[in-house]
Undergrad: 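If you scroll down you'll find the structure; I have some questions about it.
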Amino acid sequence: MTEHATLGDFDVSAAWHVAGPYPFLARLRREAPVFRSAQLGAYVLTRYADVRAAYGDPRRFSSKGSLTISRSLTQETRDKLGEHGSFLSSFVANVDPPDHTRLRRSVSRAFTPRAVAALEQEFRRLNEDLLDRLAPRGATHCAADFVTEIGHEPSVKLTARFIGVPEEDEAFVQAHVKDWFQLFLSPQPPRRQLELAASFLDYLAYVDRLVAERAARPRDDFTSLMTALIGAELTHREVVELISTILLGGNDTVPNQLGNTVLRLLREGCWPVPEPLLAGASEECMRIDGASLGSFRYAAEDVVLHGVTIPAGSLVLLSTDSAGHDESVFPEPERFVIDRPNAGDHLVFGHGIHFCVGAALGRLQLRTALEVLGRRLPGLRLVPGQEVAYRRSLVGRGLTALLVEW
């Protein structure tokens with residue numbers, strides 16, 4: 001296909017794969033839109049129309065077990081995890097109807113428009129409070145690592161309060177959620193797997209205790225809302241997995257998207273973004289620099305696509321990263337267009353029955369953070385000479401650091 005296809009394929013240990021795979025993906029879209037990756041052990045769909053259609057066809061592209069990407073774990077690690085080696089087996093994005101329908105109905109109760117709107121003011125205040133400490137008004141020169149010092153804290157705190165995690169436990173949860181992500185969704189050497197497995201088991205025990213506490217003494221939070229449904233609509237394990245995965249989004253995916261977005265806007269000379277353009281700029285940044293690279297599915301039957309037969313039972317990656325750069329949908333896809341009319345048609349949040357239940361909250365957080373940061377730090381700029389690097393992962397794109405000054 002290309003030099004990269006020969007040398008790296010979908011090898012996430014190669015830095016180019018996460019940072020800039022777009023020439024490789026563009027050629028795949030043209031010449032081999034259904035591509036079997038030896039590195040992934042999966043077929044990859046790269047065209048927008050195919051990715052969108054697969055998301056909308058749960059009968060042929062099953063979600064059951066698709067998030068449990070623990071197939072790379074050693075037997076020793078699997079033994080250590082025991083029954084938790086199949087973690088996420090009952091999460092809403094990892095099952096098909098009718099279980100999916102039941103789970104999504106329960107979760108949606110916490111993401112009503114009124115509930116999401118109420119979270120906006122809290123998130124805005126968290127961003128303002130952070131900047132009051134980090135960038136005192138009147139300071140002449142400041143510098144920070146955007147990833148560790150600015151981008152994560154407000155989202156981490158908002159998610160913790162939404163879930164019901166006590167403030168004193170936020171650091172514990174953040175550290176252990178990152179370990180969980182690395183264990184299940186990023187390739188690791190055997191010794192590191194065992195370290196991460198121990199951390200993951202500690203994290204599960206914590207969430208389990210939180211559920212038990214809220215069952216005994218309910219509060220006004222997501223954990224209490226879901227715990228009240230145990231035995232009627234949900235199982236204990238389903239509640240633990242729901243809580244754990246929402247914590248992952250708030251501690252990882254949303255902050256990663258903000259970091260990717262700020263880097264893009266600074267490089268493009270579009271900082272700060274005028275308020276009327278905030279919504280469109282957010283969508284264009286998600287399209288071109290999405291924190292989510294795609295989702296896995298299993299072929300429930302033989303699927304023939306573009307002359308290629310995907311055998312029943314095969315793992316399939318729906319590459320939303322490639323779909324967002326499909327020139328048949330987004331003209332000049334590598335060019336950042338702050339007011340691109342159809343930028344919101346990206347598939348970062350999925351499509352169909354598995355469209356992300358927290359999409360409205362994620363979009364709100366991105367827009368709010370950009371508004372506050374742009375107003376408070378209009379002179380934000382990149383520290384010259386730094387090497388920008390991305391974390392290596394099967395399904396996510398996030399910066400390891402981003403040095404900024406103002």
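Residues take their numbers from the sequence shown, with the count starting at 1.
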Undergrad: If you round to the nearest 0.5 Å, how far is CE of Met286 from CG of Leu347?
TA: 12.0 Å

Undergrad: Evaluate the side chain to side chain donor-acceptor pair (under 3.5 Å) criterion for residues Ser224 and Asp221: first the C-alpha distance (whole Å), next the side-chain angles of each, then the deciding distance (0.1 Å), finally the verdict.
TA: CA-CA 6 Å; Ser224 299; Asp221 55 38; 2.8 Å; yes

Undergrad: Please step through salt bridge (Lys or Arg N to Asp or Glu O under 4.0 Å) for the pair Arg192 and Glu195, ending with a clear verdict.
TA: CA-CA 5 Å; Arg192 180 61 176 155; Glu195 295 171 356; 3.0 Å; yes

Undergrad: Set out, in order, the CA-CA distance, both residues' side-chain angles and the distance that settles side-chain contact (heavy atoms from CB on, under 4.5 Å) for Val44 and Val316, then state yes or no.
TA: CA-CA 6 Å; Val44 183; Val316 182; over 6 Å; no

Undergrad: Ion pair present between Arg125 and Asp129, side-chain N to carboxylate O less than 4.0 angstrom?
TA: yes

Undergrad: Could you walk me through whether Arg297 and Ser62 satisfy the side chain to side chain donor-acceptor pair (under 3.5 Å) test, starting with their C-alpha distance in whole Å, then the side-chain angles of each, then the deciding distance to 0.1 Å, before giving a yes or no?
TA: CA-CA 5 Å; Arg297 295 290 187 269; Ser62 171; over 6 Å; no

Undergrad: So, applying side-chain hydrogen bond (donor to acceptor under 3.5 Å, both in side chains) with Asp252, which one of Arg391, Gln257, Gln174 is it?
TA: Arg391

Undergrad: Any chance you could lay out the side chain to side chain donor-acceptor pair (under 3.5 Å) test for Ser199 and Asp202, step after step, and finish with the verdict?
TA: CA-CA 5 Å; Ser199 170; Asp202 288 343; 5.9 Å; no

Undergrad: Would you say CZ of Arg191 has more than 12 non-hydrogen atoms from neighbouring residues, nucleotides or ligands within 6.0 angstrom?
TA: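 Open: at most 12 neighbouring heavy atoms sit under 6.0 Å from CZ of Arg191.
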
Undergrad: Assess the residue pair Arg47 and Asp326 against the criterion (salt bridge (Lys or Arg N to Asp or Glu O under 4.0 Å)); give the C-alpha distance rounded to whole Å, side-chain angles, the decisive distance to 0.1 Å, and a yes or no.
TA: CA-CA 6 Å; Arg47 289 183 181 172; Asp326 190 327; 5.9 Å; no

Undergrad: Can you spot which of Leu263, Leu373, Leu266 makes a side chain to side chain contact (heavy atoms under 4.5 Å, CB included) with Phe146?
TA: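 Single side chain to side chain contact (heavy atoms under 4.5 Å, CB included) partner of Phe146 among Leu263, Leu373, Leu266: Leu373.
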
Undergrad: Can you tell whether the side chains of Arg375 and Glu371 come within less than 4.0 Å, N to carboxylate O?
TA: yes

Undergrad: Salt bridge (Lys or Arg N to Asp or Glu O under 4.0 Å) between Arg109 and Glu233: does it pass, once the steps are laid out?
TA: CA-CA 12 Å; Arg109 296 181 182 184; Glu233 296 183 23; 2.5 Å; yes

Undergrad: With rounding to the nearest 0.5 angstrom, report the CG to CZ distance, Leu81 to Arg78.
TA: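 The CZ atom of Arg78 is 9.0 Å from CG of Leu81, to the nearest 0.5 Å.
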
Undergrad: If the threshold is 4.0 Å, N to carboxylate O, is there a salt bridge linking Lys157 and Glu167?
TA: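 Between Glu167 and Lys157 there is a salt bridge, with a charged N closer than 4.0 Å to a carboxylate O.
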
Undergrad: Decide, yes or no, whether a salt bridge links Glu283 with Arg340 under the criterion of side-chain N to carboxylate O below 4.0 Å.
TA: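 A salt bridge is absent here (no side-chain N lies under 4.0 Å from a carboxylate O).
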
Undergrad: Given side chains that start at C-beta, do those of Arg102 and Leu234 come closer than 4.5 Å, heavy atoms only?
TA: yes

Undergrad: Between the side chains of Glu268 and Arg264, is the shortest nitrogen-to-carboxylate-oxygen separation below 4.0 Å, so that they form an ion pair?
TA: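 Counted as a salt bridge, because a side-chain N and a carboxylate O are separated by less than 4.0 Å.
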
Undergrad: For the pair Arg52 and Asp345, evaluate salt bridge (Lys or Arg N to Asp or Glu O under 4.0 Å) and give the outcome as yes or no after the intermediate values.
TA: CA-CA 10 Å; Arg52 189 176 188 277; Asp345 291 342; over 6 Å; no

Undergrad: So which of Arg29, Arg287, Glu334 actually passes side-chain hydrogen bond (donor to acceptor under 3.5 Å, both in side chains) with His325?
TA: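 Considering Arg29, Arg287, Glu334, a side-chain hydrogen bond (donor to acceptor under 3.5 Å, both in side chains) with His325 is found only for Glu334.
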
Undergrad: Could you tell me whether Tyr298 and Phe61 have their ring centroids closer than 6.0 angstrom?
TA: no

Undergrad: Per the side chain to side chain contact (heavy atoms under 4.5 Å, CB included) rule, which among Glu122, Arg363, Glu120, Gln121 passes with Thr368?
TA: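 So, applying the side chain to side chain contact (heavy atoms under 4.5 Å, CB included) to Thr368 and each of Glu122, Arg363, Glu120, Gln121, only Glu120 qualifies.
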
Undergrad: Hey, can you tell me if Phe330 and Tyr48 have their rings parallel, tilted or perpendicular (30° and 60° cut-offs)?
TA: perpendicular

Undergrad: Given side chain to side chain donor-acceptor pair (under 3.5 Å), test Asp321 with Ser319 step by step and report yes or no.
TA: CA-CA 5 Å; Asp321 198 28; Ser319 177; 5.5 Å; no

Undergrad: Can you say whether the rings of Trp180 and Tyr203 are parallel (under 30°), tilted (30 to 60°) or perpendicular (over 60°)?
TA: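 If you compare the ring of Trp180 with that of Tyr203, the planes turn out parallel.
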
